[in-house]
Every structure is written in structure tokens, then in C-alpha cells.
Amino acid sequence: MKALVVFDSYFGNTEKIARAIGTGLGLSDADVIKVGEVQAGQITGLDLLIVGSPTRAFQASDGTKAFLKNLSSGSLKGVKVATFDTRVVINDKTPGILKVLVKIFGYAAEPVARKLVRKGGTQVLDPAGFLVLDSEGPLKEGELQRASEWVKPLK
């Protein structure tokens, strides 16, 4: 299976998750590449495309959105797709307005998944969110292992 994990990352947290996912796939032919470094030819012939983005203002990063926009219509026909994001932990200390906004606008992974499906991809996993303890991190303990396990059904 030829797989590609594409990610954007501001503080390194989303990259760490992407690399854990690449390792979790256990494939010799799985590349993990930053969104701005993907070449058009790397999308051709894929069996699996996984796209990850940090959640910024309740949406994907600008780099991720540009990557999705540049995918031509139908370019993912026959390609299995999955998405993930990194997001700040919402807990009792989170201001109420932020909790309301999250409920209204959500996180990055779900809209990215919808865009990949519109480009012809077949969604094979529910979008996943991996937790960071603050806007710059670090990742919540256990998230790298959870990322590696998330892709196990694709083996």
C-alpha cells in the first residue's frame, strides 16, 4: 500500500502526531511530508492519504487549506483518506465563551475530511483530534501512542 501523511505544524505538535501515524502504519512505502513540500506527483498512485492540521481559529491552517484547494477535482478517486488535527484541551478552566465557540465551529479535521471526500477520496476513519495542553504544547501524555493506534485498522 502506498501511503502519504501530509501535515502542517506551527510548534511541532502536529508533526509529532503525523510521524507517529506514519510509524503506526508500519509501511515501508509511507511518506510523512510537510504540507508545503508535497509535490504534485506524490499524490498520483496513492492508496491512502492522511492529512493533519493544527486547529487555528476553529479551522485548518492556511497551508492545509491551500493544499486542499490545489488538489484537482476527482484527483483522489479510489484513494482512501483520513484526517486528524491537534487541538487545545477543553476543560473546567476553559472560558465558557470558548466552549460555546468550539461547539459552533468545531475543529480542523472534520472540514478537511469533507474536502478530501469532495475531491474523490473515500473516508476510511473518523476524523481524529489529538490534544495539546496549551496553544504551543506540549502534547497531552499518551497522544503519540493513541495516534499510532488510530491507524491500526488500516494495516
Side-chain angles (χ1 to χ4, degrees), residues 1-90 101-102 104-132 134-140 143-144 146-155:
M1 174 168 53
K2 184 177 176 190
L4 179 63
V5 180
V6 175
F7 70 91
D8 199 6
S9 192
Y10 290 104
F11 304 109
N13 299 301
T14 311
E15 179 175 2
K16 289 175 185 174
I17 295 293
R19 296 204 180 282
I21 287 169
T23 300
L25 286 170
L27 302 170
S28 60
D29 199 11
D31 291 323
V32 180
I33 302 174
K34 189 160 184 170
V35 70
E37 298 171 5
V38 177
Q39 303 296 316
Q42 291 174 296
I43 301 298
T44 306
L46 280 180
D47 299 302
L48 173 65
L49 174 63
I50 299 175
V51 178
S53 176
T55 300
R56 304 291 287 185
F58 310 103
Q59 56 188 317
S61 69
D62 290 342
T64 303
K65 289 189 279 188
F67 169 76
L68 297 168
K69 185 178 180 181
N70 288 329
L71 290 173
S72 59
S73 181
S75 63
L76 299 178
K77 185 174 173 116
V79 178
K80 297 174 186 172
V81 298
T83 60
F84 71 94
D85 63 44
T86 50
R87 54 182 77 169
V88 175
V89 172
I90 301 293
L101 291 172
V102 164
I104 294 170
F105 298 109
Y107 299 100
E110 291 83 2
V112 171
R114 287 191 297 272
K115 289 176 183 168
L116 292 175
V117 169
R118 280 197 296 267
K119 300 287 183 170
T122 302
Q123 187 174 328
V124 293
L125 290 174
D126 288 336
F130 298 96
L131 303 174
V132 294
D134 198 0
S135 61
E136 294 184 21
L139 288 164
K140 182 179 175 189
E143 291 300 86
L144 293 176
R146 192 166 71 84
S148 182
E149 293 293 322
W150 176 64
V151 293
K152 295 283 184 191
L154 301 179
K155 288 181 145 187

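Quick caveat: nothing in here was measured; it's all calculated off a predicted structure. When reading the values below, keep in mind they use all heavy atoms of this one structure, side chains included, and skip hydrogens, waters and symmetry mates. Residue indices begin at 1 and follow the sequence shown.
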Please step through side-chain contact (heavy atoms from CB on, under 4.5 Å) for the pair Leu68 and Thr64, ending with a clear verdict. CA-CA 6 Å; Leu68 297 168; Thr64 303; 4.2 Å; yes
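- Remark: the backbone N or O of Ala108 is paired with a side-chain donor or acceptor of Thr55 at under 3.5 angstrom.
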Where do Phe67 and Val112 land on the side-chain contact (heavy atoms from CB on, under 4.5 Å) test, with the steps shown first? CA-CA 10 Å; Phe67 169 76; Val112 171; over 6 Å; no
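- Here the closest non-hydrogen pair linking Ala109 and Ala128 is CB-O, 3.8 Å.
- Counting only residues at least two apart or on different chains, the salt bridge (charged side-chain N to carboxylate O under 4.0 Å, His left out) pairs with a member in residues 54-69 are Asp62-Lys65.
- Interatomic distance, CZ of Phe130 versus CD1 of Ile17, reported as 5.5 Å (0.5 Å rounding).
- Residue-environment remark: NZ (Lys77) stays at or below the threshold of 12 foreign heavy atoms within 6.0 Å.
- Remark: Glu149 pairs with Gln145 by the side-chain hydrogen bond (donor to acceptor under 3.5 Å, both in side chains) rule, at least two apart or across chains.
- Residues meeting the side-chain hydrogen bond (donor to acceptor under 3.5 Å, both in side chains) test with Thr14, sequence neighbours left out: Thr86.
- With sequence neighbours excluded, the residues that form a side chain to side chain contact (heavy atoms under 4.5 Å, CB included) with Val79 are Leu46, Leu49, Leu76, Val81.
- Considering only residues two or more places apart in sequence or on other chains, Glu37 meets the side chain to side chain contact (heavy atoms under 4.5 Å, CB included) condition with Ile33, Lys34.
- Contacts of Thr83 classified as side-chain hydrogen bond (donor to acceptor under 3.5 Å, both in side chains), with partners at least two apart in sequence or in another chain: none.
- Shown here are the side chain to side chain contact (heavy atoms under 4.5 Å, CB included) partners of Pro111, two or more places apart in sequence or in another chain: Arg114.
- Here CG of Leu139 is found 5.5 Å from CG of Leu144. Values are rounded to the nearest 0.5 Å.
- Heavy atoms of other residues, nucleotides or ligands lying less than 6.0 angstrom from CG of Asn70 number more than 12.
- Between Ser53 and Ser61, the closest heavy-atom pair is OG-N, 2.9 Å.
- Every residue two or more places apart in sequence or in another chain was checked for a salt bridge (Lys or Arg N to Asp or Glu O under 4.0 Å) with Arg118, and none qualifies.
- Between Phe84 and Trp150, the angle of the ring planes goes over 60°, which puts this pair in the perpendicular group of the 30/60° scheme.
- The distance from atom OG of Ser135 to atom OH of Tyr10, rounded to the nearest 0.5 Å, is 12.5 Å.
- Listed by chain and residue number, Met1, Lys2 satisfy the side chain to side chain contact (heavy atoms under 4.5 Å, CB included) test with Asp47 (two or more places apart in sequence, or in another chain).
- Among residues two or more places apart in sequence or in another chain, the side-chain hydrogen bond (donor to acceptor under 3.5 Å, both in side chains) test is passed with Arg146 by Glu143.
- Each salt bridge (charged side-chain N to carboxylate O under 4.0 Å, His left out) pair with one or both residues in residues 8-22, not counting sequence neighbours, appears once here: Glu15-Arg19.
- What you find for Glu136 and Asn13 is that their closest heavy atoms are O-ND2, 3.2 Å.
- Between the side chain of Lys140 and the main chain of Leu131, no donor-acceptor pair closer than 3.5 Å is present.
- Evaluated for a side-chain contact (heavy atoms from CB on, under 4.5 Å) with Val38, the options Asp31, Leu71, Val6, Val51 yield exactly one hit, Val6.
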I would like to know whether Val5 and Leu25 meet side-chain contact (heavy atoms from CB on, under 4.5 Å); could you show each step before the answer? CA-CA 10 Å; Val5 180; Leu25 286 170; 4.1 Å; yes
